[in-house]
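By convention in this document, chain letters (A, B, ...) are assigned in the order of the sequence lines, proteins followed by strands, and residues within each chain are numbered from 1.
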Number of protein chains: 2
Amino acid sequence: MESSDLKKAGLKITLPRMKILEFLESSKIRHQSAEEIYRSLLNDGEEIGLATVYRVLTQFETAGLVERHHFESGQAVFELSEKGHHDHIVCVSCGKVEEFYDELIENRQREVADEKGYHVTDHSLTLYGKCPDCRDS
Amino acid sequence: MESSDLKKAGLKITLPRMKILEFLESSKIRHQSAEEIYRSLLNDGEEIGLATVYRVLTQFETAGLVERHHFESGQAVFELSEKGHHDHIVCVSCGKVEEFYDELIENRQREVADEKGYHVTDHSLTLYGKCPDCRDS
DNA sequence: ACGTTTATGATACTGAGAACCACTATCATT
DNA sequence: AATGATAGTGGTTCTCAGTATCATAAACGT
């Protein structure tokens, strides 16, 4: 399952790449930083270098296996791009990340860019707010 | 003009703060990094420290005089918040930044968040693409 | 003008991420 | 299955944006 994903992406099958992919696929947390992924793998008893984690995640991103997001935390977080495109809503209290997709917003973005003569290659939309659980705090 | 802005923001009137505000108000480039602002002030013959530029920009941001944006370049850029809210479209080739405001998108964002039970405090929407001048390159 | 308080700026520090490089693993070929 | 060319690994160093420290200097109420 995993190894075929790697081959499709034109990447050689190596232990670190397998481990990282497996970890991302099995983790309940969808959005994690390179450091967090690294720590988790170490805790799982894997021998892996931080540099490798950064390198592999960048390769995965280039291959389209993974998406990198820059929320306001400063450090990038990565998520498996198994789902289609979506945007994010981040809780400013607890840091929870939810995903959403809105056809109307997507289309309007393209229109706005077209009006200005731009050819959009990418966009990032992130909403920040308090999630239901954090509304009182 | 400028000093009253500072007083309103609850900030003491100091030379560095004046210089930075004046620079931002007179610069034709609306979106600049702390380092760029620092360099420009040095070139203008001002004596100012990089630490002060960072410090003052953060104070300005807190006071609402300035907005900080994290585009994909890695370093933050600052802009005077004289205009109302708006989003950005960034050229991936030349780095040019344009602004836009779309009522439809704004409203829809609020609706999407409401549906999920979030109270939105902020959002960031940035489109990336090629501007008309860079379409061929 | 004076003295307290706050700001400045040179420098050291931090933390995320990339670069380097000697060593190791992968895999096509034999 | 052994080989060797190629690509990957991981420890470490480096870079770069931004922050903390602290001795000095400027701001402003009295």
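Ring-centre distance between A:His88 and B:His123: not below the 6.0 Å cut-off.
For the pair B:Arg39 CZ and D:dG18 C1', the interatomic distance rounds to 15 Å; values are reported in whole Å. Remark: C1' of D:dT12 and OH of A:Tyr38 are 12 Å apart, rounded to the nearest angstrom. Counting to the nearest Å, the P atom of D:dA26 and the NZ atom of B:Lys12 are 14 Å from each other.
The footprint of chain A on DNA chain C, defined by a heavy-atom cutoff below 4.0 Å, extends from C:dA16 to C:dC27.
The pair B:Asp44-B:Lys19 does not count as a salt bridge, with every side-chain nitrogen at least 4.0 angstrom from each carboxylate oxygen. Salt-bridge formation is not detected for the pair A:Glu79/A:Arg68: no Lys NZ or Arg NE/NH1/NH2 atom is positioned less than 4.0 Å from an Asp or Glu carboxylate oxygen.
Taken residue by residue, residues 50-61 of chain A places heavy atoms nearer than 4.0 Å to DNA chain C at A:Ala51, A:Tyr54.
With B:Ser81 contributing its side chain and B:Gly64 its backbone, the two residues share a donor-acceptor pair below 3.5 Å.
Position along DNA chain D of the nearest nucleotide to A:Gly10 versus B:Ser33 favours A:Gly10 as the more 5'-ward residue.
Across all strands shown, A:Ala34 has no heavy atoms under 4.0 Å from either base or sugar-phosphate atoms.
Using a 3.5 Å distance cut-off with no hydrogens or angles, the side chains of B:Tyr38 and B:Glu46 do not pair a donor with an acceptor.
Chaining together hydrophobic side chains whose heavy atoms lie under 4.5 Å apart leaves B:Tyr101 on its own.
Ring geometry, A:Phe71 versus A:His31: the interplanar angle falls from 30° to 60°, so the pair is classed tilted.
Evaluated for a side-chain hydrogen bond (donor to acceptor under 3.5 Å, both in side chains) with B:Ser27, the options B:Gln32, B:Glu22, B:Glu36 yield exactly one hit, B:Gln32.
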